[in-house]
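For reference, the structure discussed in these notes is given below.
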Amino acid sequence: MGIHGLSKVIADNAPAALKEVPIKACFGRKVAVDASMSIYQFLIAVRQQDGMQLTNEAGETTSHLMGMLYRTIRMFENGIKPVYVFDGKPPDMKSNELKKRGVKREGAEKAAAAAEETGDTENFDKFSRRTVKVTKEHNDDCKKLLKLMGVPYIEAPCEAEAQCAILAKSGKVYAAGSEDMDTLTFGTPVLMRHLTFSEARKMPVVEIELAKVLEGLEMTMDQFIDMCILLGCDYCDSIKGIGPTRAVSLIKEHKNIETILEKLDSKKYPAPEDWPYQAARELFRAPNVTKAEELDVKWEAPDEEGVVAYLVGEKGFNEDRVRSAIQKLIKTRTGTTQGRLGDYFKPVEKPAGSTSAAKRKMDAKAASGSAKKKGGSFMKKK
DNA sequence: ACTCTGTCTCGAGACGCC
DNA sequence: TGAGACAGAGT
DNA sequence: GGCGTCC
C-alpha cells in the first residue's frame, strides 16, 4: 500500500517538510483518519498471548472496537478531533494489487491452520496476523461505536485516503492522519503520522507538509505524482531498474513520464507492457471523492448508555472500564479540562483574524511552525 | 561506486498495576 | 505492509 | 518502564 519508499525519498530530499510536533501543539485540531486502516492495525495488533483476537462470548471479534474506543478517546484527551473515513469501492486499477494480497493471505491462512493443528502457537500467532482482512462487519461495528461516541464518520465513494486529502484541502480538517504516504499524492496539504498519542511506545507525531515536499524536491504537483508512480503505487507496476534515486533524477530532468519514456533506453529499462501510468496518474489527480461542501462533519455528545449497552451488553466489555472511558470523553468536551488546556486552544483553531493568542509556551521552532499553519486553511468553528 | 532487486527479519494497541 | 539490513547483480 | 490483561 502507499508509495514505495516515498517516506525515505522525502527524508533525503526534502527534510524541511518533516516536522516533529509536540503533542500540545496538536490541541484543537481536526483530523481525517482512514478508519479501515486503523481497524486493520487493531485486528493485527490487539491479541492475547496465544495469538487469538479478543472476542465476546459469542466468538465475535472485539479487538477493533477496543482499539477504536481507546485510541479515539486518547485523541480527544489530546485535543484532536478525529473524523473517520471509511473506504468505498476500490478503483478497478487496484484489483491486481488486491488479488496479490488475497493470494498472500491464502498462503498465510494455510500456514496458520497448519501451525494451529500442531499446537505451534508461535507460528500460529505469526501467520494468523497476516490473514487479517477488514470485513463489512468490522466496519459496521466501528460505525456503530463512533455514532454512539458522537464521533463523525464519512463513507468515501472510493479510496479513503483520497477522501481524507480532500477534507484537508478544503479546510474541513487541518490534516489527514495516516501512515499511508499516498495521502500526499492525493494532495493533502498536511499529513500527520503516528497520531496515536501512545504513552508506552513513544512515537512523536510527525507532520509532513506537501508544499515543503514539493519545494524540497523542486517539483510541481504533477511531477510529484509522476514520481510516485515511478516509485511504485497500488495502481500499476513501475519500471524495473528504476528505484528512488533514478526516479527523482529522471523526473527532475524530463518533468513527466511521457518524456522519460522517450528518452530512456528501453532496452535497459523497458516499461511494463501496456503500462497504464496515465490512468494511475488520473486517479491521483482527480480521485473519486465526495465534495467536502457536501459533507457535514460534527462532533456530538457521546451517548454513554448507548455505548454501555453496545460494548458491555453485546460485546462483553467490562462496564467500569467503559464508563470511565466515556467519562474521559465527556470531560474533554465540557467542563474544566477544556479550560485547563485552553492555552493551546485558540492559536490552533482560530476564527479568521484572532492572533491575540499567538503567544504561548512552546519552543521557538514549534511556535513558528504552527503560527505559519494557522494562516493557512481553517474553517469557522461550529 | 552507485543503484536496484530480492530475501530476510521484526514489529505492528492500549491499559493499569507493579 | 512496511521498513531496515544485507547480499548480490546490474549500470 | 516492564509485563500481564483486556474480551
Side-chain angles (χ1 to χ4, degrees), chain A residues 1-12 34 36-78 94 97-98 100-105 107-108 122-123 125-134 141-142 145 161 178-182 193-203 230-234 237-250 264-265 267-270 310-322 324-325 328:
Chain A
M1 213 174 244
I3 307 298
H4 187 255
L6 179 56
S7 107
K8 188 150 195 309
V9 167
I10 291 173
D12 293 345
D34 180 347
S36 307
M37 183 62 56
S38 304
I39 293 168
Y40 179 76
Q41 287 173 345
F42 293 136
L43 291 175
I44 288 175
V46 182
R47 308 265 169 157
Q48 24 190 7
Q49 291 94 330
D50 59 6
M52 299 293 285
Q53 291 173 331
L54 305 185
T55 64
N56 65 3
E57 290 197 346
E60 299 164 327
T61 298
T62 53
S63 294
H64 54 309
L65 293 168
M66 173 81 74
M68 179 84 43
L69 175 71
Y70 286 116
R71 182 184 283 179
T72 303
I73 287 168
R74 183 159 280 277
M75 284 188 197
F76 270 91
E77 284 183 305
N78 285 281
K94 206 169 180 174
E97 175 68 21
L98 295 177
K100 276 188 216 162
R101 289 184 207 171
V103 170
K104 280 191 183 170
R105 195 161 43 237
E122 195 161 322
N123 269 321
D125 189 358
K126 180 168 140 191
F127 287 114
S128 75
R129 286 174 204 249
R130 297 182 195 174
T131 68
V132 165
K133 172 134 206 286
V134 179
D141 287 347
C142 288
L145 175 61
E161 296 300 338
S178 174
E179 300 312 303
D180 239 338
M181 297 297 288
D182 55 8
R193 307 189 85 192
H194 317 142
L195 203 58
T196 66
F197 305 100
S198 166
E199 301 266 326
R201 243 188 327 276
K202 38 176 169 196
M203 277 225 273
L230 288 179
L231 289 175
C233 66
D234 289 347
D237 291 327
S238 51
I239 304 174
K240 271 235 187 262
I242 305 299
T245 310
R246 290 199 257 261
V248 170
S249 73
L250 283 170
L264 198 62
D265 182 345
K267 294 200 173 104
K268 275 190 216 163
Y269 302 109
Y310 182 47
L311 292 184
V312 179
E314 287 185 43
K315 299 298 181 181
F317 281 55
N318 176 287
E319 178 164 352
D320 291 342
R321 286 169 187 254
V322 170
S324 93
K328 287 191 206 167

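This is a predicted model, so every value here is computed, not measured. Chain identifiers are assigned alphabetically (A, B, ...) following the order of the sequence lines, protein sequences preceding nucleic acid strands; residue numbering begins at 1 within each chain.
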Under 4.0 Å, counting only non-hydrogen atoms across every strand here, what does A:T62 touch: a base, just sugar-phosphate, or nothing? sugar-phosphate
Ignoring the backbone of A:K268, work out which of C:dT11, D:dC7, B:dA12 is nearest its side chain. C:dT11
Let's see if you can work this out: which of C:dT11, D:dC7, B:dG13 has an atom nearest to the side-chain heavy atoms of A:V46? B:dG13
Output yes when at least one side-chain N/O atom of A:R74 is less than 4.0 Å from OP1 or OP2 of B:dC15, else no. yes
Would you classify A:Q53 as touching base, sugar-phosphate or nothing, given that sugar-phosphate means primed atoms plus P, OP1 and OP2, and contacts are heavy atoms under 4.0 Å? nothing
Gap between atoms NZ and C1', on A:K267 and C:dT11 respectively (whole Å): 16 Å
Base, sugar-phosphate, or nothing: which does A:R71 touch, judged by heavy atoms less than 4.0 Å apart? sugar-phosphate
Checking C:dT1, B:dG16, B:dT3 against the side chain of A:K328 (C-beta onward), the nearest is B:dG16
Could you check how far CG of A:L69 sits from C1' of D:dC7, rounded to whole Å? 13 Å
Expressed in whole Å, how much space separates the C1' atoms belonging to B:dC18 and D:dC7? 23 Å
On the nucleotide B:dG6, are OP1 or OP2 found under 4.0 Å from the side-chain N or O atoms that A:K240 carries? yes
Taking all heavy atoms of A:L230 and all of A:A247, pick out the closest pair and write down the distance. CB-CB, 3.9 Å
In terms of the nearest nucleotide of DNA chain B, which residue is placed more toward the 5' end: A:S324 or A:K126? A:K126
Calculate the interatomic distance between A:K8 atom NZ and B:dC4 atom P; express it in whole Å. 10 Å
Taking OP1 and OP2 of B:dG13, is either one under 4.0 Å from a side-chain nitrogen or oxygen of A:R47? no
Atom pair distance, as rounded to whole Å: CD1 in A:I10 and C1' in C:dA3: 15 Å
Classify the nucleic acid contact of A:K315 as base, sugar-phosphate or nothing, counting any heavy atom under 4.0 Å across all strands shown. sugar-phosphate
Tell me what A:Q49 touches on the nucleic acid: a base, only sugar-phosphate, or nothing, going by heavy atoms under 4.0 Å. base
Are any of A:R130's side-chain N or O atoms less than 4.0 Å away from OP1 or OP2 of C:dG2? no
Side chains of A:Q48 and A:Q53, heavy atoms from C-beta outward: is any pair under 4.5 Å? no
Expected output: side-chain A:E60 to main-chain A:K315 donor-acceptor under 3.5 Å: no
Per A:M66 side chain, nearest of listed nucleotides B:dT5, B:dA14, D:dC7: D:dC7
Is there a donor-acceptor contact under 3.5 Å from the side chain of A:S63 to the main chain of A:F42? no
Would you mind classifying the nucleic acid contact of A:G241 as base, sugar-phosphate or nothing, using non-hydrogen atoms under 4.0 angstrom? sugar-phosphate
Against the side chain of A:R101, the closest entry in C:dT1, B:dG13, B:dA14 is C:dT1
For the P atoms, the ones on B:dG13 and on C:dG4, what distance do you get once it is rounded to whole angstrom? 16 Å
Any donor-acceptor N/O pair, A:R129 side chain to A:I44 backbone, under 3.5 Å: yes
As a test of reading the structure: which of B:dA14, D:dC7, C:dA3 is closest to the side chain of A:N56, going by heavy atoms? D:dC7
What nucleotide, of C:dT11, D:dC7, B:dC4, holds the atom closest to the side chain of A:T245? B:dC4
Could you check how far CG of A:L264 sits from C1' of B:dC4, rounded to whole Å? 14 Å
Taking only the P atom of each, what is the distance from B:dC8 to D:dC6 in whole angstrom? 38 Å
I need the NE2-P distance between A:H64 and B:dA14, as an integer number of Å. 16 Å
From D:dC6, B:dT3, B:dA14, pick the nucleotide closest to the side chain of A:S198? B:dA14
Could you tell me whether A:S7 contacts a base, only the sugar-phosphate backbone, or nothing, with contacts defined as non-hydrogen atoms closer than 4.0 Å? nothing
Let me know, please, whether A:S238 or A:F197 comes out on the 5' side of the other along DNA chain B by nearest nucleotide. A:S238
Rounded distance in Å - CD (A:E57) to P (D:dC7): 12 Å
Has the side chain of A:D182 got a donor or acceptor atom that lies under 3.5 Å from a matching backbone atom of A:C233? no
